Amino acid sequence: MKDIYFDNAASTPVDPRVTEAMHDCLCAESYGNPAAGIHGHGAAAGKLIEQASVQVAGLINGMPQGVIWTSGATESDNLAILGVARFRGEMQGKHIVTSITEHSAVLEPCRQLQSEGFDITYLHPDSEGRISPESVKNALRENTILVSLMHVNNEIGVIQDIAAVGQVCRDSDTLFHVDAAQSAGRLALDVVAQNIDLLSLSAHKMYGPKGIGVLYLNPQRINRLQPLMHGGGHQHGLRPGTLPTHQIVGMGMACEIAQAAVDSESGGIERLRETLWSEIATLPGLIRNSANADTVCGILSVSVAEVEGESLIHALRGLSVSSGSACNTASDDASYVLRALGRHDSLAESTIRFSLGRYTTAKEVAEAAAVFRNAVTELRCYVSRMDEVIEHAV
Ligand SMILES: *Cc1c(COP(=O)(O)O)cnc(C)c1O
């Protein structure tokens, strides 16, 4: 049997319309180096990239000239945080505000900056995973140069009130960076209305190809950063390197589709998610994480009491999901996000993230619910049988 895919928050399938656009690009006479606009082949590639910048800008209500192409949201987050800090730190201050539940692509550059003499405030969420705009406001200091907050958390799906935080930042004239890797195409993004100065996007989280992303810089608020790499001066020297035309065309198409998807498909995905929850919630001992907060349409995070995390993941074979420990692929530690919500280690480790997407069907939801119910029930039976055995032996 084919595995059922419930891991769209880790990566999405590529939309066939994106594949087609990329294929056309690779086959067309646009193989020139986009930096070589002096001749027709280069100019053709340059045109395609310009068009893709318009598509990205359309999704976020930004300006095409603010689009910087990167390799993905990890690089975008690093460029935003390290780039602002190293460019402005000496002159304007060495304090940054973020939260303990950010993606490691934000936390790790912040740790790096601490070793370079920066002071980082890590805000704590409430028990649902929300960071209050007041806590951001209270954390701001004279020497704060940047606030970095994700729009949607990748593990629990909780939505942060970025418009309110954006207002706090603008009122104090502090730059505001948002990691929108999980929200693009699912929630409305508007860098103007939400007062966002820097925004990270990743194509493979929105039905585009892996290996391409964007850091958007609001041209009215910021135009210089310390680059991470040094080379041929591409993209105003902010991120040098020959632009991958076909990847960029793919991301552009993914953004154009995503813009329509916010309204057209989020409701259906949310309904499927609620069906999934109602079909598994008949089991005792389940905790739905962020149950009392707004969450993005596709993510359902469930902590399962009285089963062991690793056994649960094994029992769910056939179902592609994430666990509360595997999210931080490099380590076996219990998720720091779930611990921040107050879940103790064993409950964090027996947490399953289902993430639904554009191609999830009602049939798959029913199958996944059945697999999950059977797995949990069997594991608990096994545990109670073992308890009996042990009792008799004693
Ligand atoms: C996936 C993800 C990233 C990393 O994106 P890549 O394009 O895979 O490097 C960063 N932040 C969040 C919130 C993510 O979900």
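Predicted model, so just to flag it, every value in this text is computed and none were measured. Order of listing sets the numbers, starting from 1, for every ligand and every atom in it.
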What donor-acceptor contacts under 3.5 angstrom involve side-chain atoms of residues 259-268, with partners at least two apart or in another chain?
unit_1, atom_1, unit_2, atom_2, d
Gln259, NE2, Gly58, O, 3.3
Ser264, OG, Ala260, O, 3.0
Glu265, OE1, Arg358, NE, 3.0
Glu265, OE2, Arg358, NE, 3.1
Glu265, OE2, Arg358, NH2, 3.4
Ser266, OG, Arg186, O, 3.1
Ser266, OG, Val262, O, 3.1

Enumerate donor-acceptor pairs with a distance under 3.5 Å from any side-chain N or O in residues 27-40 to protein atoms, sequence neighbours excluded.
unit_1, atom_1, unit_2, atom_2, d
Glu29, OE1, His41, NE2, 3.4
Ser30, OG, Cys25, O, 3.3
Tyr31, OH, His41, NE2, 3.3
Asn33, OD1, Ala35, N, 2.9
Asn33, ND2, Thr242, OG1, 3.4
His39, ND1, His41, N, 3.4
His39, ND1, Gly42, N, 3.1

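In this structure, Tyr359 has its ring center no closer than 6.0 Å to that of Tyr5.
Lys94 has a carboxylate O that lies under 4.0 Å from a charged side-chain N of Glu90, or vice versa, which qualifies the two as a salt bridge.
For ligand 1, the 4.0 Å heavy-atom shell contains residues Gly72, Ala73, Thr74, Asp77, His103, Met150, Asn154, Asp179, Ala181, Gln182, Ser202, His204, Lys205.
Partners of Ala105 under the side-chain contact (heavy atoms from CB on, under 4.5 Å) rule, at least two apart in sequence or in another chain, are Thr74, Asp77, His103.
In this model, no donor atom of one side chain and acceptor atom of the other lie less than 3.5 Å apart for Glu108 and Gln112.
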